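Structure record follows, encoded as structure tokens.
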Amino acid sequence: MVGPVDMGLDFYRQVLNLRAYRQQILAADIANASTPGFKAVDLDFKSALAAAVAAPSGGATPPPGPLWLVDSAAHMTPASASSAPASAAAWVKYQAGTEVTLDGNSVDLNQEKVKAAENAVDYEAAATFATQTLKLLTTAVNGSQSSSSSGG
Amino acid sequence: MSLFTVFAISGSGMAAESERLSAVASNLANANSATSSAGQPYRAREVVFRAVSAGDGADPSSVGMAGVEVAGVVESNESLHSVYDPSNPLAGEDGYIQMPNVNPVDEMVNMISAQQDYEANLEAFNVAKTLAARTLQI
């Protein structure tokens with residue numbers, strides 16, 4: 001999967017997967033906005049980022065590639081088994097600070113809507129970047145012909 | 001793929017909210033039903049939701065990740081209203097008749113809440129649809 005041609009594409013694959021997963025979490029929160037005893041959950045990005053920085057050789061590091069700007073040799077090592085979580089599911093945490101109703105539900109519908117909208121924009125951004133990366137590759141393959149050809 | 005799971009989750013949410021709305025409609029329609037097929041005055045009904053977990057439901061990442069379902073319909077145990085109406089054939093010897101315990105204010109609030117939740121589910125569904133369509137354009 002990771003090769004010189006892929007450039008940063010594998011990174012965008014991970015971003016899109018993660019954003020789709022978070023959309024699923026937020027949809028589950030919204031669907032359970034009236035379920036007694038349901039506690040709202042979300043991805044804990046802050047802790048995940050801190051863990052990824054603390055363990056640069058873990059699975060959460062970006063894939064090595066010619067275009068990847070690295071300032072540490074550790075960034076170039078491929079994903080390996082370490083203390084970093086294997087999947088994003090390990091970073092799903094209960095939300096804190098939201099109001100808990102009498103029936104034990106902690107979903108704040110407005111907050112969830114805002115988060116879902118934000119997450120959708122992030123997803124679209126990653127998709128746009130992936131499209132542009134592919135266009136870049138096409139340009140590199142076709143040279144100056146790409147702008148006039150229909151393949152662009 | 002996660003986005004298609006969103007369709008299932010939001011769909012279950014919309015189905016559950018519809019059922020809640022049905023209960024509200026039933027309660028309001030029967031607010032004056034002094035008797036029913038069971039022979040007793042109508043009692044207000046309320047649906048109870050339950051989160052459907054994708055896994056065993058032990059960790060936060062699986063609770064509710066398969067949506068929501070209606071666990072059951074419970075009847076309100078609030079006391080029935082006694083209305084003095086001696087001309088009614090259902091009235092007791094003292095002239096009082098037992099009327100349903102439907103509270104119209106409760107029902108209206110429940111209705112607005114169900115509507116808002118339904119719309120939120122619909123919004124989440126539409127966002128997932130947009131994202132899935134956008135993915136096809138990469």
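Everything numeric in this text was worked out from a predicted model, so none of it was measured. Keep in mind that the numbers below use all heavy atoms, side chains included, and drop hydrogens, waters and symmetry copies. Chain identifiers are assigned alphabetically (A, B, ...) following the order of the sequence lines, protein sequences preceding nucleic acid strands; residue numbering begins at 1 within each chain.
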Query - Hphob cluster co-occupancy, A:Val41 + A:Val100, side-chain heavy atoms under 4.5 angstrom - result: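 No, separate clusters.
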Contact class of [X] relative to chain B, heavy atoms under 4.5 angstrom:
X        : result
A:Leu109 : side chain
A:Phe38  : side chain
A:Leu16  : side chain

If you define the side chain from C-beta out and look only at heavy atoms, does anything of [X] sit under 4.5 Å from [Y]?
X       : Y        : value
A:Tyr12 : B:Ile138 : no
A:Gln24 : B:Ile9   : yes
B:Val63 : A:Asn32  : no

Report task. Let me know if B:Gln137 has heavy atoms under 4.5 Å from chain A in its side chain, its backbone, both or neither. Result ->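 For B:Gln137, the backbone is the part near chain A, not the side chain.
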Report task. Measure B:Thr130 against the heavy atoms of chain A and call it side chain, backbone, both or neither at under 4.5 Å. Result -> side chain
Between atom [atom1] of [X] and atom [atom2] of [Y], what is the distance when rounded to the nearest 0.5 Å?
X        : Y        : atom1 : atom2 : answer
B:Gln116 : A:Lys113 : CD    : NZ    : 7.0 Å
A:Asp103 : B:Phe49  : CG    : CZ    : 11.0 Å
A:Ile30  : B:Glu119 : CD1   : CD    : 12.5 Å

Query raised in the report: Out of A:Ser34, A:Ala130, A:Pro36, which one racks up the most heavy-atom pairs below 4.5 Å with chain B?
Result: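 The candidate making the most pairs under 4.5 Å is A:Ser34.
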Where do [X] and [Y] come nearest, in terms of heavy atoms and distance?
X        : Y        : value
B:Ser10  : A:Ala27  : OG-CB, 4.0 Å
A:Ala120 : B:Leu131 : O-CD2, 3.6 Å
B:Asn121 : A:Ala31  : OD1-CA, 3.3 Å

Query raised in the report: Which one, B:Ala8, B:Gly11, B:Gly13, B:Ala51, leads in non-hydrogen pairs under 4.5 Å with chain A?
Result: B:Ala51
Query raised in the report: Do other residues, nucleotides or ligands put more than 12 heavy atoms under 6.0 Å from B:Phe7 CZ?
Result: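 More than 12 within 6.0 Å, yes.
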